[in-house]
Amino acid sequence: MMTGIQYLHGFLRWVVLVLLLLSIVKAFSGMSAGRNFSKGDMKRGLFTMISLHIQLVLGFILYFGKGWSSMLGNADAMANTVMRFFSLEHMATMLIAVILGTLGHSLSKRASDDRIKFKRQAIWFTVSLVLILSSIPWPFRAGFEAYGWW
Ligand code: HEM
């Protein structure tokens with residue numbers, strides 16, 4: 001069960017990355033071209049936010065289900081790169097990234113001006129993407145060889 005959720009969480013990173021990238025490119029291009037903010041632009045932002053929320057739920061199931069939560073604050077665990085990463089760094093950074101991504105969609109939805117809608121998506125989704133890229137356990141990071149591209 002946990003292994004399946006771990007694979008799903010690992011695979012869904014690509015969905016999150018593709019949706020964030022697409023939303024950012026469309027938001028910047030819409031802003032510079034002075035395009036109208038369409039229903040499609042709103043839906044893209046919504047699906048981006050939903051993909052982030054799914055990762056959040058799966059991530060917390062793994063966090064509590066696989067015992068990472070109990071390592072938080074333990075001095076020996078904090079001295080270990082991988083244990084510190086999953087029990088603290090990955091959890092906290094991704095949580096912030098999901099909150100910022102959520103702001104990207106919800107603040108954009110609330111704006112009345114189309115240019116501001118694009119601008120809010122562009123800014124918040126970009127910051128969220130940078131945090132996510134910095135906090136994925138890429139297999140080329142020292143100590144993370146066991147975490148794959150799937
Ligand atoms: C957009 C958000 C997120 C992305 C893109 C993401 C991505 C990933 C990736 C790629 C892995 C490695 C999977 C593997 O190859 O085994 C992973 C592992 C993990 N993630 Fe996330 N994650 C996100 C959010 C979160 C959140 C909010 C939590 C909450 C605590 C979380 C908890 C975990 C845990 C505990 C593992 C380790 C699983 C294990 O080996 O036991 N993730 N994550």
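Since the model is a prediction, treat every value here as computed from it, not as a measurement.
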- Message: Check whether Asp41 reaches the backbone of Ser38 with its side chain - one donor and one acceptor, N or O, closer than 3.5 Å.
- Response: yes

- Query: Sub-3.5 Å donor-acceptor pair from the side chain of Ser29 to the main-chain atoms of Lys26, do we have one?
  - Reply: yes

- Query: For the atom pair CD (Gln121) and CE (Met42), what is the distance rounded to the nearest 0.5 Å?
  - Reply: 10.0 Å

- Item | Straight-line distance of Ile99 CD1 to Ser106 OG, nearest 0.5 Å | 11.0 Å

- Item | pair Leu56-Leu52: side-chain heavy atoms closer than 4.5 Å | no

- Counting distance only, does the side-chain N/O of Ser135 pair as donor-acceptor with the main-chain N or O of Leu131 below 3.5 Å? no

- Message: Under 3.5 Å, is there a donor on one side chain and an acceptor on the other for His105 and Ser23?
- Response: no

- Message: Quick check against the 3.5 Å criterion: does Asp114 have a side-chain atom that pairs as donor or acceptor with the backbone of Asn36?
- Response: no

- Note on the structure: d(Asp113 CG, Arg120 CZ) to nearest 0.5 Å is 9.5 Å

- Does the side chain of Ile61 come within less than 4.5 Å of Met2's, by heavy atoms? yes

- Distance flag, aromatic centroids of Trp150 and Trp14, threshold under 6.0 Å: no

- Give the minimum heavy-atom separation between Asn74 and Asp76, together with the two atoms involved. OD1-N, 2.9 Å

- Query: Any link between Met83 and Leu88 through a network of hydrophobic side chains (Ile, Leu, Val, Met, Phe, Trp, Tyr) touching at under 4.5 Å?
  - Reply: yes

- Query: Looking at Phe85 versus Phe144, is the centre-to-centre ring distance below 6.0 Å?
  - Reply: yes

- Can you tell me how far CD1 of Ile50 sits from NZ of Lys43, rounded to the nearest 0.5 angstrom? 11.0 Å

- What is the distance from atom CD1 of Ile24 to atom OG1 of Thr126, rounded to the nearest 0.5 Å? 4.0 Å

- Task: Kindly determine whether Trp138 and Leu133 satisfy side chain to side chain contact (heavy atoms under 4.5 Å, CB included), including the steps that lead there.
- Result: CA-CA 9 Å; Trp138 298 112; Leu133 284 174; 4.0 Å; yes

- Are Ile136 and Met94 side-chain neighbours, meaning at least one heavy-atom pair lies under 4.5 Å? yes

- Okay, side chain of Ser32, backbone of Phe28: is any donor-acceptor separation there less than 3.5 Å? yes

- Task: Any chance you could measure Arg110, atom CZ, to Leu103, atom CG, to the nearest 0.5 Å?
- Result: 9.0 Å

- Do other residues, nucleotides or ligands put more than 12 heavy atoms under 6.0 Å from the CZ atom of Arg115? no

- Query: Is a side-chain donor or acceptor of Arg13 paired with a backbone partner of Gly10 at a separation under 3.5 angstrom?
  - Reply: yes

- Message: Tell me whether Leu107 shares a hydrophobic cluster with Val127, the cluster being built from Ile, Leu, Val, Met, Phe, Trp, Tyr side chains joined at under 4.5 Å.
- Response: yes

- Shortest non-hydrogen contact from Met78 to Leu72? CE-CA, 3.9 Å

- Donor-acceptor pair, Ser51 side chain versus Val16 backbone, under 3.5 Å? no

- Query: What class does the angle between the rings of Trp68 and Phe86 fall in, given that below 30° is parallel, 30 to 60° is tilted and above 60° is perpendicular?
  - Reply: tilted

- Honestly curious: do Leu19 and Val130 fall in one hydrophobic cluster under the side-chain, below-4.5 Å linking rule? no

- With a 4.5 Å heavy-atom cut-off, do Lys119 and Ser108 have their side chains touching? no

- Query: Would Leu17 and Ile132 count as a side chain to side chain contact (heavy atoms under 4.5 Å, CB included) if you check the C-alpha gap in whole Å, the side-chain angles of each, and the deciding distance to 0.1 Å?
  - Reply: CA-CA 8 Å; Leu17 292 177; Ile132 289 171; 4.1 Å; yes

- For Thr93 and Ser134, which heavy atoms make the closest approach, and how far apart are they? CG2-OG, 4.4 Å

- Gln6 and Lys66: side chain donor to acceptor below 3.5 Å: yes

- Message: When you measure from the side chain of Gln55 to the backbone of His9, do you find a donor-acceptor pair of N or O atoms at a distance under 3.5 Å?
- Response: yes

- Item | Derivation and outcome, side chain to side chain contact (heavy atoms under 4.5 Å, CB included), residues Lys117 and Ser112 | CA-CA 7 Å; Lys117 282 179 186 284; Ser112 46; over 6 Å; no

- Out of curiosity, does Val25 fall in the hydrophobic cluster containing Phe37 (side-chain heavy atoms, cut-off under 4.5 Å, transitive links)? no

- Query: Are the side chain of Tyr63 and the backbone of Met91 linked by a donor-acceptor contact shorter than 3.5 Å?
  - Reply: no

- Within-4.5 Å side-chain heavy-atom neighbours: Leu129 and Phe125: no

- Give a yes or no on whether Phe47 and Leu22 share a hydrophobic cluster (residues Ile, Leu, Val, Met, Phe, Trp, Tyr; joining criterion: side-chain heavy atoms under 4.5 Å apart). no

- Do Phe140 and Trp149 touch side chain to side chain, with heavy atoms closer than 4.5 Å? yes

- Message: Between Leu95 and Phe60, does the side chain to side chain contact (heavy atoms under 4.5 Å, CB included) criterion hold? Intermediate values first, please.
- Response: CA-CA 10 Å; Leu95 184 60; Phe60 273 106; 4.2 Å; yes

